[in-house]
Amino acid sequence: MTVRHFLTLLDFSPQELQALMRRAIELKAMQARGEIYEPLKNKTLAMIFEKSSTRTRVSFEAAMAQFGGHALFLSPRDTQLGRGEPIEDTARVLSRMVDGIMIRTFEHEKIELFAKNSRVPVINALTDRHHPCQLLADIQTYIEHRGDIAGKSVAWIGDGNNMCNSYINAARQFDFELRIACPAGYDPDAALLASDPVRCALVRDPVLAARDADLVVTDVWASMGQEEEQQKRAEAFANYQVDAKVMSAARPDALFMHCLPAHRGEEVSAEVIDGRQSVVWDEAENRLHAQKALLEFLLKK
Ligand code: CP
Ligand code: NVA
């Protein structure tokens, strides 16, 4: 049998993604009832982090602990990967010892190469191009607050980054409309955007993108690895803050999401992220539940 990986949302069918969402909501309820459920007893997840993380690391580690398994934190600082051992070799070796491998890295091609050489499922925990695990949590959060996201209208305001690319994939897989407002020069992946012209549109103006939206989403202006561009980006994105004016263009019951960490006063005003429409804490919590559903799907025999 071929090994299933989760490198982008397109690795799963829309039906599988819907099932994951239902399961995530179920697992969350089981956890709340205090039910012990250990489907991954004696299983190990290796977690390779080449970039910083709070939510991703803690949610995967807690998920494995709750499932009766074990998570192993690996950083390039103290593994041979950081000293130049080939990715292919690392993948071959690790995948003979553990049951799943989660990777947060820079180039998306790196995780593809890793997956190609792995005997066990590889999970993308963020690359420069995609952040599919975050999308699982975002969609779960939308469903919990407002029901099915199919046919709804989502506004992406800010950088056409990894999160934006994953929203384009989500629009296809969960069947919603996506309007993207980003300054010229900061567009999402052109081929990806062009692949779904019916659902996805580039609208430069944030207020226009947010008009009648059911969900407004943003992310940092400078992602990990772009720290030296911070100043230049702050200027380019000056008119792209999600503030009360942008939110007032959306539907009155629109939700606000941000994958976090956030910079109040930059991509989002404090009033919005700490306001009544913001669901960012539920969104962050759901990283745990959505990834438990993902781990169960990929790792449980
Ligand atoms: N949203 C997210 O992936 O957060 P971390 O960088 O803290 O993992
Ligand atoms: N776009 C951000 C997301 C962080 C979770 C980054 O890549 O740094």
Side-chain angles (χ1 to χ4, degrees), residues 1-49 53-74 90-104 111 114-115 117-126 130-144 166 170 173-174 259 281-301:
M1 219 183 79
T2 52
V3 186
R4 296 289 301 269
H5 302 294
F6 186 62
L7 307 190
T8 79
L9 288 172
L10 304 185
D11 287 331
F12 284 29
S13 69
Q15 293 71 27
E16 287 172 332
L17 291 170
Q18 289 294 345
L20 273 194
M21 295 293 90
R22 284 193 296 275
R23 187 60 178 155
I25 291 167
E26 223 165 70
L27 288 166
K28 185 175 182 174
M30 285 161 63
Q31 174 81 8
R33 288 195 297 268
E35 267 177 52
I36 305 291
Y37 174 58
E38 299 184 322
L40 301 185
K41 225 174 167 54
N42 297 318
K43 302 257 187 223
T44 304
L45 177 76
M47 310 190 297
I48 302 175
F49 280 97
S53 169
T54 296
R55 280 145 287 269
T56 305
R57 177 178 177 180
V58 175
S59 54
F60 270 109
E61 202 161 327
M64 285 305 290
Q66 290 172 16
F67 271 174
H70 182 71
L72 237 156
F73 175 80
L74 302 168
T90 309
R92 289 178 188 121
V93 172
L94 285 188
S95 69
R96 284 172 181 238
M97 297 175 179
V98 302
D99 305 282
I101 301 168
M102 182 237 82
I103 307 178
R104 168 167 286 195
I111 203 170
F114 199 106
N117 290 280
S118 173
R119 288 180 171 186
V120 299
V122 173
I123 296 170
N124 181 357
L126 184 147
H130 286 287
H131 195 6
C133 289
Q134 183 67 52
L135 261 293
L136 296 181
D138 286 22
I139 304 300
Q140 181 189 343
T141 308
Y142 189 88
I143 294 170
E144 286 175 344
S166 287
Q173 299 294 68
F174 291 97
C259 63
W281 313 123
D282 291 340
E283 182 188 1
E285 177 189 335
N286 283 338
R287 291 295 302 278
L288 170 66
H289 311 296
Q291 286 157 202
K292 281 172 80 174
L294 177 67
L295 288 166
E296 181 186 47
F297 180 87
L298 288 175
L299 267 55
K300 190 181 158 199
K301 284 285 174 308

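Side chains included, hydrogens not; waters and symmetry mates left out as well; all remaining heavy atoms used.
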> So, do M97 and T44 sit near enough that their side-chain heavy atoms are less than 4.5 Å apart?
Replying inline: no
>> Show, in sequence, the C-alpha distance, side-chain angles and deciding distance for C133 and T56, and conclude whether the side chain to side chain contact (heavy atoms under 4.5 Å, CB included) test is met.
In response: CA-CA 9 Å; C133 289; T56 305; over 6 Å; no
>> Would you compute the distance between atom CD of Q173 and atom OG of S166 and round it to the nearest 0.5 angstrom?
In response: 11.0 Å
> If you take all heavy atoms of H5 and F12, which pair is closest and at what distance?
Replying inline: O-CE1, 3.5 Å
>> Do R55 and E283 make a side-chain contact, defined as non-hydrogen atoms from C-beta onward lying under 4.5 Å apart?
In response: no
> If you look at every heavy atom in D99 and P121, which pair is closest and at what distance?
Replying inline: O-CD, 3.5 Å
> Which heavy atom of S95 sits nearest a heavy atom of R119, and at what distance?
Replying inline: OG-N, 3.0 Å
> What is the minimum heavy-atom distance between A290 and A137, and which atoms define it?
Replying inline: CB-N, 3.9 Å
>> Working to the nearest 0.5 angstrom, can you tell me the gap between L45 CG and L40 CG?
In response: 9.0 Å
> Do L136 and Q291 touch side chain to side chain, with heavy atoms closer than 4.5 Å?
Replying inline: no
> Tell me, do H289 and E144 make a side-chain contact under 4.5 Å, heavy atoms counted?
Replying inline: no
>> Check this for me: R33, atom CZ, are more than 12 non-hydrogen atoms of other residues, nucleotides or ligands nearer than 6.0 Å?
In response: yes
>> If I take atom OG1 from residue T141 and atom CG from residue L135, how far apart are they, to the nearest 0.5 angstrom?
In response: 10.5 Å
> So Y37 and Q66, side chain to side chain contact (heavy atoms under 4.5 Å, CB included) or not? Walk me through it.
Replying inline: CA-CA 7 Å; Y37 174 58; Q66 290 172 16; over 6 Å; no
> Side chains of L7 and H130: closer than 4.5 Å at any heavy-atom pair?
Replying inline: no
>> Within the structure provided, determine whether L295 and K43 are in side-chain contact (heavy-atom separation under 4.5 Å).
In response: no
>> Can you tell me which residue among K28, R23, R22 is in a side-chain hydrogen bond (donor to acceptor under 3.5 Å, both in side chains) with E26?
In response: R23
>> Between F49 and M102, is there a side-chain heavy-atom distance shorter than 4.5 Å?
In response: yes
>> Any heavy-atom pair between the side chains of Q140 and M21 that's under 4.5 Å?
In response: yes
> Hey, do the aromatic rings of F6 and F297 have their centres closer than 6.0 Å?
Replying inline: no
>> How long is the straight-line distance from CG of L126 back to CD of Q134, given to the nearest 0.5 Å?
In response: 9.0 Å
> Looking only at heavy atoms, what is the nearest atom pair of N124 and P132, with distance?
Replying inline: ND2-CD, 3.6 Å
> Could you go step by step and tell me if L94 and F114 meet the side chain to side chain contact (heavy atoms under 4.5 Å, CB included) rule?
Replying inline: CA-CA 10 Å; L94 285 188; F114 199 106; 4.1 Å; yes
> What is the minimum heavy-atom distance between A24 and A293, and which atoms define it?
Replying inline: N-CB, 3.8 Å
>> Could you measure the distance from the CZ atom of R287 to the CG atom of D138? Nearest 0.5 Å is fine.
In response: 8.5 Å
>> Using the ring pair (Phe, Tyr, Trp, His ring centres under 6.0 Å) criterion, which residues pair with F60? Sequence neighbours excluded.
In response: none
> Hey, what do you get for CD1 (I111) to CD1 (I123), rounding to the nearest 0.5 Å?
Replying inline: 9.0 Å
